[in-house]
Student: 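Quick one: structure below, then a few questions.
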Amino acid sequence: MSINETLRAQLRANKRPVTQASVLPAHCYSSQDWYQDEIEKIFMKEWICVGRESQVARNGDYFTIEIGREPVVVARDHKNVIHAFLNVCRHRASKIVEGSGNARTFVCKYHCWTYNLDGDLLVVPGQPSPMIGAEDFDRKMYGLIPLRIEGWGGFLFVSFSEEVTPLMEWLGDLPKFLENYRLHEMVVGHELSYDVPVNWKLFVENTMESYHAGFLHNKFLSPDVDQAWKFLEAGGPYEAMYSDKSIMNFGNLPPADRLNEKQKTGLYHVWLHPNTTIHVTSTYMTYRRYIPRGVNQMTIMYAWCFLPETIAHPDFETIAENYYKRSVDILSEDIAFIPKVQEGLSSSRWRPGRYSPTEAIVHKLGNYIVDRVAGDQLAAAAADQR
Amino acid sequence: VKEAAVVEDAQEVVVQVHTRSGRSVSLTARLGRRLMEVIRDSEIPVKAECGGVCACATCHVYVAPDWISRLSPPDENEAALLDVAEESTQQSRLSCQIRLTEALDGLQVTMAPGSN
C-alpha cells in the first residue's frame, strides 16, 4: 500500500504525544488496503488470544475460530496435548470442521480424508484406494498444517509467525501484574457473541476509554462522577488503566482471596495486543475478543469468568445474572451506537479530531496501528527528506 | 441373554449385539450387509459419524473372542483408525468394515466406548 502525503501527515499527527496528537484518519477504518495490511502485519505476526483452555477441557474437544482469512481449529488430542491447525483439508482445501465439539478424528466431508487430532492424515478412504497411481503419495506428508499455540492464565494464544518470541516472553510483565487474580483457575460462567458492522478497532477503542460512559451510558453512570482513571506504565504488549469508580465496578460477590487493597476496591481495564481486552475486578474477570471480518465488519466475543469458590457462593446464580444483564445493557448501547462512527468515517471531507487525555489508551492503540502498518514507510519518507 | 434365533432363510444371519447399557439384542440381517448399517437400523444407538466409509472410528465394537479370528483381518485404513479408537483392544473392529456372510451367523459383538 502506498501512502500519499496527506495521509502521511495525518499518521504523523497521531504519533505526537497524546496532549498534541490527532486521532487516526478515516483511511485506517475504511480502506480495504489498510485493512489487509493490518491482517498481514499485525494478525499474522502477533500472538492472538483464541479462547480459554476450558473450551478444550476433555480429550477430543475442539473449537474453531478465524484469524484474518485463516480458518483455525484448536483441539486437545487423545494423548492430552493441545494443538492448533489450519482448519483446511490438505487435499483440495475444504474447511474441515465447524463450531465446536468432541471428536475421535477430523473427517473432511468432501472425500473423507481423515486426520488424527494430532494432525496426522490417518486414512484416505475408498475401495480400491483412490490414491493408487498417485506417484510418491505419502500420507505422512499431508497432515494438517500446525500452528504455534501456547497458554497463560487459562487463555490460549495462536500465532502464525515463526519469529514471534515464546508467549511468556512476549507477555512481558503482564502475568506478574495480574497474578493475584488467579486467572488460570477461572471458569467461564457466561458468554455471548455479536456481529457488529464496524471496523474492529472502533470497538477496542470504545472499551478502552470511559470518557463516553457518563454520556452514552448516562442511564448507568452520571457524567458528574469523576472516574479518575489512572494509566499504568506497561512492561509488555498491553496497556492498562485503573479506577475505583468505573461503570463496571459492581461487586456483590465476595472478592478473591489474594487481592491487595487497591485490587479489592477498583478494577483494571487491559488492552492486550492486538484484539483482546480483559477487565479484572475484585469478583470476576471478563474478556472480549474483537474478531475482524472485513474492513467494516467484526464479531465481538464476550465471556465472564469466575473463580470456583465464587461460583460455589450460594447466591452466585442470582448475583451473576445481574452482572450479565447490566453488562449487556451497557454493551447494547455501544453496539447500537458505534455503527454511527463507522458511517461518519466513510466521509471523504472529515478531518481528524483530538484526543482527550482520558483517551490515552485509544491513542496508544492508534500509535501501535500506525507503527505496525506504516512505520517503515513513515521512516523511509523521513529519511528521504533529510 | 436371549439365544440367537434359528435362521431358516439362508439369506439372513442373526447377530447378537451387547449394548453399552448392558442389554443384549438379536438382530436379523440380510447377507452382505455391513454390520454398522444393521445396528444403525435397529434401536441400538451408534454414532457412525462418517456413514460407513472407514473414516471416523465411531462405530467401534468389540468382537467376542470366539469370533475375532473368523473375520478377515483389518486393512491398513481400518488398522490406522483402530489405533485412535477409544479404548481399543485386540477385540476391536469397526462395524462398518464387517460384511455379514453365512460364516458370521451367530456373531457376537459389544458396542465399544465412543460408539454411542
Side-chain angles (χ1 to χ4, degrees), chain A residues 57-62 64 73 75-81 83 85 89-92 94-134 137-144, chain B residues 20 31-37 39-40 44-63 71-101 104 109-116:
Chain A
R58 296 174 307 144
N59 290 0
D61 283 352
Y62 67 88
T64 59
V73 58
R76 188 186 290 269
D77 74 15
H78 291 280
K79 291 178 180 136
N80 204 23
V81 180
H83 303 268
F85 304 106
C89 182
R90 290 299 308 279
H91 174 215
R92 275 171 52 212
S94 320
K95 208 168 141 183
I96 302 175
V97 280
E98 304 276 349
S100 60
N102 186 277
R104 291 310 295 180
T105 58
F106 288 142
V107 184
C108 172
K109 301 256 181 332
Y110 203 175
H111 304 89
C112 285
W113 282 37
T114 298
Y115 303 87
N116 202 346
L117 266 63
D118 65 12
D120 289 347
L121 175 59
L122 267 180
V123 172
V124 177
Q127 289 292 350
S129 168
M131 300 312 284
I132 289 172
F137 176 75
D138 178 358
R139 60 185 168 81
K140 288 186 193 64
M141 292 170 65
Y142 294 92
L144 292 175
Chain B
R20 298 287 305 144
L31 284 177
R33 293 197 77 198
R34 292 163 187 267
L35 177 58
M36 182 279 285
E37 295 165 355
I39 297 170
R40 193 178 56 190
I44 302 167
V46 59
K47 268 198 206 154
E49 280 164 356
C50 77
V53 299
C54 192
C56 70
T58 57
C59 67
H60 176 198
V61 295
Y62 298 130
V63 177
L71 302 178
S72 48
D75 67 10
E76 187 197 4
N77 285 356
E78 186 184 351
L81 286 164
L82 289 172
D83 274 351
V84 302
E86 196 168 334
E87 294 181 38
S88 193
T89 72
Q90 293 299 313
Q91 262 67 56
S92 289
R93 293 300 300 263
L94 298 185
S95 59
C96 72
Q97 300 303 300
I98 298 175
R99 217 174 263 284
L100 296 171
T101 60
L104 296 181
V109 302
T110 302
M111 301 306 294
S115 63
N116 66 337

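Here is how names work: the chains are called A, B, and so on, in the same order as the sequence lines, proteins then strands, and each is numbered from 1. Keep in mind the model is a prediction, meaning the values are calculated, not measured.
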Student: If you take all heavy atoms of B:H60 and B:E87, which pair is closest and at what distance?
Tutor: CE1-O, 3.9 Å
Student: Where does B:D75 contact chain A at under 4.5 Å (heavy atoms): side chain, backbone, both or neither?
Tutor: side chain
Student: Chain A heavy atoms under 4.5 Å from B:E76: which part of the residue, side chain, backbone, both or neither?
Tutor: side chain
Student: Within the distance-only criterion (no hydrogens, no angle test), does the side chain of A:R90 pair as donor or acceptor with the backbone N or O of A:L144 below 3.5 angstrom?
Tutor: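 No, because the side chain of A:R90 does not come within donor-acceptor range (under 3.5 Å) of the backbone of A:L144.
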Student: Among B:A55, B:A80, B:C50, which residue forms the greatest number of heavy-atom pairs with chain A at distances under 4.5 Å?
Tutor: B:A55
Student: Which word best sums up how the rings of A:H91 and A:H111 line up, parallel for under 30°, tilted for 30 to 60°, or perpendicular for over 60°?
Tutor: perpendicular
Student: Taking the six-membered ring where the residue is Trp, are the ring centres of A:Y62 and A:F106 under 6.0 Å apart?
Tutor: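 Yes: the rings meet the under 6.0 Å criterion.
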